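Heavy-atom basis, side chains included; hydrogens, waters and symmetry copies ignored. Every chain is numbered from 1, with letters handed out A, B, ... down the list of sequences. Just so it is clear, the structure is predicted and the values come from calculations on it, not from any experiment.
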2 protein chains.
Amino acid sequence: MTPPTAKPHSGASTVGSNREQVRQHNLSAILRLLRQFGTMSRSALTQRTGLNRSTISDLVTELQELGLIVESEASATQGVGRPSLMVSFSDEVVVFAVNPETDATTVGVVTLSGKVITKVRHPHSTVPSASVSVETTTKLIAELRTQLPVEFRIAGIGVAIPGQIRVEDGVVRLAPHLNWVEVPFARMLHQQTGLSVFIDNDASLGSIAERDLGAGRGFSEIVYLFGGAGGIGGGVIHGGLLLRGAAGYAGELGHVRISDSPREDYSGLQGTLESLVQRDDLLAALKISSADDAELEEVLSKPVTAKVQKLLESQIDALAIAIGNYVNIFNPEIVLLAGYLGVLYSYDRDRLLSRFRWSTLTAPQDRLLVKPAELGPNLLMIGAAGLPIAPLLAEPAITQLFPARGK
Amino acid sequence: MTPPTAKPHSGASTVGSNREQVRQHNLSAILRLLRQFGTMSRSALTQRTGLNRSTISDLVTELQELGLIVESEASATQGVGRPSLMVSFSDEVVVFAVNPETDATTVGVVTLSGKVITKVRHPHSTVPSASVSVETTTKLIAELRTQLPVEFRIAGIGVAIPGQIRVEDGVVRLAPHLNWVEVPFARMLHQQTGLSVFIDNDASLGSIAERDLGAGRGFSEIVYLFGGAGGIGGGVIHGGLLLRGAAGYAGELGHVRISDSPREDYSGLQGTLESLVQRDDLLAALKISSADDAELEEVLSKPVTAKVQKLLESQIDALAIAIGNYVNIFNPEIVLLAGYLGVLYSYDRDRLLSRFRWSTLTAPQDRLLVKPAELGPNLLMIGAAGLPIAPLLAEPAITQLFPARGK
DNA sequence: TCTATATTGTTCCCTAAGGCAACAAATACA
DNA sequence: TGTATTTGTTGCCTTAGGGAACAATATAGA
């Protein structure tokens with residue numbers, strides 16, 4: 001049996017390299033390039049990897065036999081010489097992406113290239129307990145499996161959870177809005193489905209998704225800030241990898257204190273970014289009971305009252321301070337603002353940027369980009385899918401795949 | 001000729017692995033283990049690397065031929081069976097460590113194992129300009145070279161500078177206390193000495209030194225905070241590597257805003273940790289004109305006035321908030337407090353720790369250590385020495401060494 | 001003191017994977 | 001149509017890590 005979870009950093013305990021590891025590394029290198037660029041020609045793979053043509057040929061053949069990639073004739077011809085074969089992911093290997101929320105559980109089927117094939121949303125009348133959530137997820141996945149073609153194979157399940165996650169064993173330490181405490185979610189879902197299960201914090205997964213397939217594509221130093229109804233989360237990409245810390249709790253960028261204000265955030269910490277920038281405050285000031293970010297942006301494109309204006313400015317100023325802090329700390333290439341924070345950015349980009357510059361050292365401002373995130377409603381599906389995909393890309397010849405219909 | 005500087009992250013532009021790279025990796029793995037553990041037996045190397053006995057034998061032979069390591073008989077016998085040969089760094093490969101300060105320039109000769117063989121301190125009557133500093137350093141190095149035995153070889157020069165450094169080309173963007181702006185220090189010193197020159201921020205180098213040979217040994221997720229006369233700096237180790245960011249400015253942990261206070265730090269930013277925790281404030285309150293950290297700790301071990309007490313508590317509280325922030329952001333295994341911040345820690349450890357717990361999420365507090373740093377006066381020598389040592393350890397068979405006496 | 005056992009270094013050979021070169025295939029261009 | 005260019009394929013070479021047998025050197029026990 002496969003373990004319920006595997007370590008995201010599969011840093012071997014030994015530091016030496018042998019031949020097998022080299023082979024894995026090179027197979028993995030090809031898959032990672034495909035993940036970044038979608039479809040690539042074999043000659044492009046040769047250039048990018050620095051390996052020999054014959055080696056690439058050999059590696060591609062092996063990956064094809066593993067059923068992970070497919071080759072096709074070049075469609076558009078690109079110049080002199082024999083046209084190179086195009087390599088892309090097989091669409092027959094998929095993962096399940098899961099996102100339990102207070103009002104609904106969403107499950108999607110996602111390909112290795114990040115395409116969301118199917119997405120089903122199961123509404124909850126009351127906030128679901130962990131066992132209810134596992135049950136619902138299991139049922140949805142079982143249904144989706146029957147709809148998959150027989151030849152499809154499954155790499156595993158990735159779950160995005162709004163809370164603090166210990167990634168090594170897939171335990172939800174605390175998910176305040178779901179009211180889950182110390183829940184071994186990965187183990188529970190593994191026992192029900194038999195599939196490998198990986199879980200992580202939703203904001204962390206958002207940052208991975210944006211790095212792989214969104215506004216952060218091609219960057220390796222990224223600060224990602226996400227504002228939702230449940231507060232502010234974040235993720236940091238360093239050297240192309242998510243910063244996880246000792247146990248996976250790193251990246252709580254909303255719970256960082258930036259002010260002496262006694263106002264508390266959803267975790268009870270005072271003066272934090274999350275305590276100062278609350279979406280609900282704006283909804284209250286606008287006298288709207290609920291709205292998604294697109295609707296909110298629409299409302300704010302028209303003139304607002306002085307009170308709303310003042311609230312927005314104070315929130316923008318707090319966000320600017322936080323961004324300044326993170327630029328001083330991380331010296332990123334790009335800062336991505338997602339969800340509600342993207343709304344604030346759109347509302348008064350100039351104020352945000354100028355305020356931010358005041359609280360930042362000059363050097364790390366060089367060539368820095370501050371941009372809204374790109375991925376929309378499928379953000380968490382793509383991010384969660386990245387969890388089981390990562391170990392498959394890292395060790396393609398070893399990782400076990402499950403049949404679509406098997407038990 | 002060697003380039004004036006090399007990239008610290010020599011991340012090859014190509015992602016494939018060939019045989020030569022495997023060899024480099026394995027040679028490097030042995031050297032990195034030696035760096036961490038000092039002296040190791042060949043059998044211990046076999047276990048740690050996971051490689052075969054015969055492979056270790058081969059690798060050790062090559063490293064011996066390169067003159068980087070020496071083998072010796074086991075002194076203390078450890079059990080049944082044939083005793084294993086002991087492997088340690090050759091002491092005949094050295095680097096120069098340089099630390100320009102406002103009142104003096106210090107140059108040291110350091111071995112690969114981190115032993116400071118010689119250290120000379122050249123006082124300045126006035127704050128030195130960059131060219132004066134280069135001149136002084138060049139002279140000191142030339143003198144030290146004549147004193148080295150002929151068979152010694154030099155790996156390069158590492159410079160620790162109090163300021164913001166662009167590491168890729170060794171430019172000092174801003175060193176406020178030295179009053180240097182946009183100084184191509186690495187190039188200047190390379191032109192005078194002919195040796196490879198690497199420079200970095202002093203606090204970053206402190207964190208590397210503590211990771212390699214100090215209180216952070218064996219940890220891979222470290223937050224390091226240093227308080228000196230010139231302010232507060234920091235360094236973050238993530239996955240065993242220093243967090244540098246896009247251009248090397250990452251880790252400015254002192255310039256992060258944690259309060260609404262209008263008080264400014266040495267870089268003009270308001271409400272930052274550095275603005276709230278100033279060593280000079282304490283000296284003024286104590287009515288002492290100057291004291292090193294040991295003397296300060298001595299003074300504080302005796303009863304102090306209520307005013308001093310209050311100042312210390314406010315500084316400790318600010319430090320606690322900052323530490324809490326960094327724990328939420330990085331989820332480190334250990335937080336190291338160096339210099340003046342170590343003094344604050346000793347003064348009232350309990351207050352610091354309890355205050356810090358208030359402003360931190362519970363999950364990342366698991367198994368977290370908060371400790372004073374260990375390395376004393378040789379901290380920056382060891383840290384700076386780590387700069388030219390790093391590429392040598394990464395690519396031992398390729399890196400060029402310079403003769404002790406050559407031009 | 002001698003023997004049995006355990007661990008390690010050395011040597012020789014094997015294996016696998018990347019590199020290389022020659023050739024064939026498929027395009028653009030004159 | 002012929003030439004230049006680029007790419008895929010194939011067979012062979014090189015090299016570095018693994019494995020097994022043997023020698024060397026320790027401890028433990030009779």
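Phosphate proximity of C/dG19 to B/N18: present, with a side-chain N or O under 4.0 Å from OP1 or OP2. Side-chain N/O atoms of A/R23 include one lying less than 4.0 angstrom from OP1 or OP2 on C/dG18. Not one side-chain nitrogen or oxygen of A/N26 sits closer than 4.0 Å to the OP1 or OP2 atom of C/dA17. Side-chain nitrogen and oxygen atoms of B/S84 include at least one within less than 4.0 Å of the OP1 or OP2 phosphate oxygen of C/dG9. Phosphate contact (OP1/OP2 of D/dT6, side-chain N/O of A/S43, threshold under 4.0 Å): absent. Within the 4.0 Å cut-off from OP1 or OP2 of C/dC23, not a single side-chain nitrogen or oxygen of A/R82 is found.
For the segment residues 31-40 of chain A, the set of residues with a heavy atom within less than 4.0 Å of an atom of DNA chain C is empty. At a non-hydrogen distance threshold of 4.0 Å, A/R53, A/S54, A/S57 from residues 52-65 of chain A come into contact with DNA chain D.
B/N18 CG to B/R23 CZ: the interatomic distance, rounded to the nearest 0.5 Å, is 13.5 Å. Atoms CG and CG, from A/L45 and A/L34 in turn, are 6.0 Å apart once rounded to the nearest 0.5 Å. Taking CD1 of B/I30 as the reference point, atom CG of B/L59 lies at 4.5 Å (rounded to 0.5 Å). Rounded to the nearest 0.5 angstrom, B/S113 OG and B/K115 NZ are separated by 6.0 Å. A/L66 CG to A/L27 CG: the interatomic distance, rounded to the nearest 0.5 Å, is 7.0 Å.
Residue order along DNA chain C, read from the 5' end via each residue's closest nucleotide, puts A/V22 first among A/E73 and A/V22. In terms of position on DNA chain D, the residue among A/S17 and A/Q47 whose nearest nucleotide sits closer to the 5' end is A/Q47.
Comparing atom distances between the B/P83 side chain and each of D/dG18, C/dT27, D/dT25 picks out D/dT25 as nearest. Distances were taken from every side-chain heavy atom of B/R19 (C-beta onward) to each of C/dT27, D/dT15, D/dG17; the shortest belongs to D/dT15.
Among residues two or more places apart in sequence or in another chain, the side-chain hydrogen bond (donor to acceptor under 3.5 Å, both in side chains) test is passed with B/S84 by none. Qualifying side-chain hydrogen bond (donor to acceptor under 3.5 Å, both in side chains) partners for B/R32, counting only residues two or more places apart in sequence or in other chains: B/S28. Qualifying side chain to side chain contact (heavy atoms under 4.5 Å, CB included) partners for B/I334, counting only residues two or more places apart in sequence or in other chains: B/F219, B/I222, B/L336, B/L369, B/K371. For the side chain to side chain contact (heavy atoms under 4.5 Å, CB included) test, residues two or more places apart in sequence or in another chain that qualify with A/R53 are A/T46.
In this structure, B/H25 places its NE2 atom 17 Å from C1' of C/dA17, rounding to the nearest Å. Atom CD of B/Q21 and atom P of C/dA17 are 17 Å apart (whole Å). Between A/E71 atom CD and D/dG8 atom C1' the separation is 10 Å, expressed in whole Å. With rounding to whole Å, A/E20 atom CD is found 10 Å from D/dG17 atom C1'. Rounded to whole Å, atom P of C/dA25 lies 15 Å from atom CG of A/L85.
Checked for salt-bridge contact, A/R217 and A/E374 miss the test: no charged N lies under 4.0 Å from a carboxylate O.
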